[in-house]
There are 2 protein chains.
Amino acid sequence: MDAYKFIKDAIILGKYVPGMRLGEETLAKELNLSRTPVREAIKQLEAEGLVVPLKRGVGVRSFTKEDIKEIYDLRSLLESYAASQAAMHRNEADLIELKTANELYEKAIHDHLQSDMASIRKIVKVNQRFHEAIVSAAKNKHLHFHISKVVVVPIVFRSFYWYSDFHLQQSLEVHKIIYKAIENKEAERARIAMHEHIFQGRDNVLNHLNDIKISHFFRGEPG
Amino acid sequence: MDAYKFIKDAIILGKYVPGMRLGEETLAKELNLSRTPVREAIKQLEAEGLVVPLKRGVGVRSFTKEDIKEIYDLRSLLESYAASQAAMHRNEADLIELKTANELYEKAIHDHLQSDMASIRKIVKVNQRFHEAIVSAAKNKHLHFHISKVVVVPIVFRSFYWYSDFHLQQSLEVHKIIYKAIENKEAERARIAMHEHIFQGRDNVLNHLNDIKISHFFRGEPG
DNA sequence: ATTTATTGGTTTGTATACAAGAAGTCAACC
DNA sequence: GGTTGACTTCTTGTATACAAACCAATAAAT
């Protein structure tokens, strides 16, 4: 298996918890590989900022409250710009993908509301698909590249576990507004709606951080 | 010597030209190292987007006109945001660093205007120092991280060789306006001035690309 | 003449061995 | 009891060897 993907997924899913040291030999044994490819994967993850130097070697990065504020500010800057650009440059294929992603999002939320927690990961995935479709419609490959490198994934993933039913439905409504704005080529409206959307996510995360000890928060399973 | 820095500098300075394939063995011999550390450096540069896959291995990335447009759009988004944040969060130490950088910039341009081309690299360096000081004053580590990873350096470096005396002085004036805005905590003014500043740079680059064949442009010495 | 198949050389991908350097431990001394 | 120092052990950094995949060149066939 590919070492880079394996380690990255493990970090996002919380198998490797923040602060945990990642020894090369240990990883190599878990992956049935030698240290050489593992080292290369680590160097890439380090360049992305997902792991940081820790005691001669690296460990999983942990996020302070300040980090989370900064990351969401950055993300809202990039994605609201993406939304406005998408409104200007979207073509028919983009609209279809956006619509599809949003319909799947609606379905996933609907399923979740009348059953259990098991479908949360599905919601996360489809939400991501919608956001990626917007960035893709913005037609700026470099913007796309950078947004994909914002180390927001581990946080967003967890944050969905804290959404109330009301906030999930509200999030769906905002997705629809953003879609409409992009369809109608209303760039400024798309920008503002996306900005608001991401700041709602930010508030949701930060509220939870007030309740729970931050140090416990990004260690272990989302809950 | 550190393989990562060596290769990166070689790309920025134009020693390794775009499209050129970077063989591991060749690099290793040039650096008096084995292939192992060279491979790691390459993996990092690939994660940053400075080198791209090329025939089972990597080569120096070359930029199309579209790339340059997109990169400058992204850079203006990030840096104008940085300027507005700097106006809000700057402290006295930030102001001193900004002032110092700008005074050195003024001196470097002055020296250049009454002598030769040799001091262009000095201008590039001090200009970079000013821009970094602004990002630093914005007090968002993640923003800082991402701006430093925008693959703009090889382009900006070359662009200074094309500035007319007039445009250099104009650039200095805009730097001063940005500084004043940040000092006076005028966030919106700082943002707009920075946006304008970077778009002037963008226009300057794109104008030159109209004259000269793009394929020749990022190959070999700046001129 | 153009296209395809085969073969040889070159280059990357992976494993492993060895050296150098931290970090942790235990003990002795202040 | 705490701090310092040497020693041991574990982990990373680098080099090298080998295997496998790819590229290119050459030759043959249509």
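Just so you know, these numbers come straight off a predicted model, no measurement behind them. Heavy-atom basis, side chains included; hydrogens, waters and symmetry copies ignored. Reminder, nothing fancy here: chain letters follow the sequence lines and each chain counts from 1.
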What nitrogen or oxygen pairs link the protein and nucleotides 21-25 of chain D at under 3.5 Å?
from, atom 1, to, atom 2, distance (Å)
D/dA21, N3, B/Arg56, NH2, 3.1
D/dA24, OP1, B/Lys55, NZ, 3.0

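Extent of DNA chain C lying under 4.0 Å from chain A heavy atoms, first and last nucleotide in 5' to 3' order, is C/dT14 to C/dG24.
Using the six-membered ring where Trp is involved, A/His175 and A/His197 have ring planes that are perpendicular, over 60° apart on the 30 and 60° scheme.
The shortest distance between the side-chain N/O atoms of A/Arg21 and the OP1/OP2 oxygens of D/dT12 is below 4.0 Å.
From A/Ile123, atom CD1 reaches atom CG of A/Leu104 across 12.0 Å, with rounding to the nearest 0.5 Å.
The residue among B/Thr36 and B/Thr26 whose nearest nucleotide of DNA chain C lies closer to the 5′ end is B/Thr26.
Relative to the axis of its first five pairs, the axis of the last five pairs of the helix from C/dA1-D/dT30 to C/dC30-D/dG1 sits at 30°, rounded to 10 degrees.
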*Under the side-chain hydrogen bond (donor to acceptor under 3.5 Å, both in side chains) rule, what do A/Glu48 and A/Tyr4 come out as? Steps first, then yes or no, please.*
CA-CA 12 Å; A/Glu48 289 180 29; A/Tyr4 170 79; 2.4 Å; yes
*Could you walk me through whether A/Tyr72 and A/Ser159 pass the side-chain contact (heavy atoms from CB on, under 4.5 Å) check?*
CA-CA 12 Å; A/Tyr72 269 89; A/Ser159 74; 4.3 Å; yes
*Check the pair B/Asn204 / B/His167 against side-chain hydrogen bond (donor to acceptor under 3.5 Å, both in side chains), numbers first and verdict last.*
CA-CA 9 Å; B/Asn204 188 47; B/His167 280 119; 4.7 Å; no
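With hydrogens and angles ignored, the 3.5 Å screen pairs a side-chain donor or acceptor of B/Thr100 with a backbone N or O of B/Ile96. Although no hydrogens or angles enter the test, the distance criterion places no donor-acceptor pair under 3.5 Å between the side chain of A/Arg39 and the main chain of B/Glu40.
When all heavy atoms of A/Val205 and A/Ile68 are compared, the closest pair comes out as CG1-CG2, 3.9 Å.
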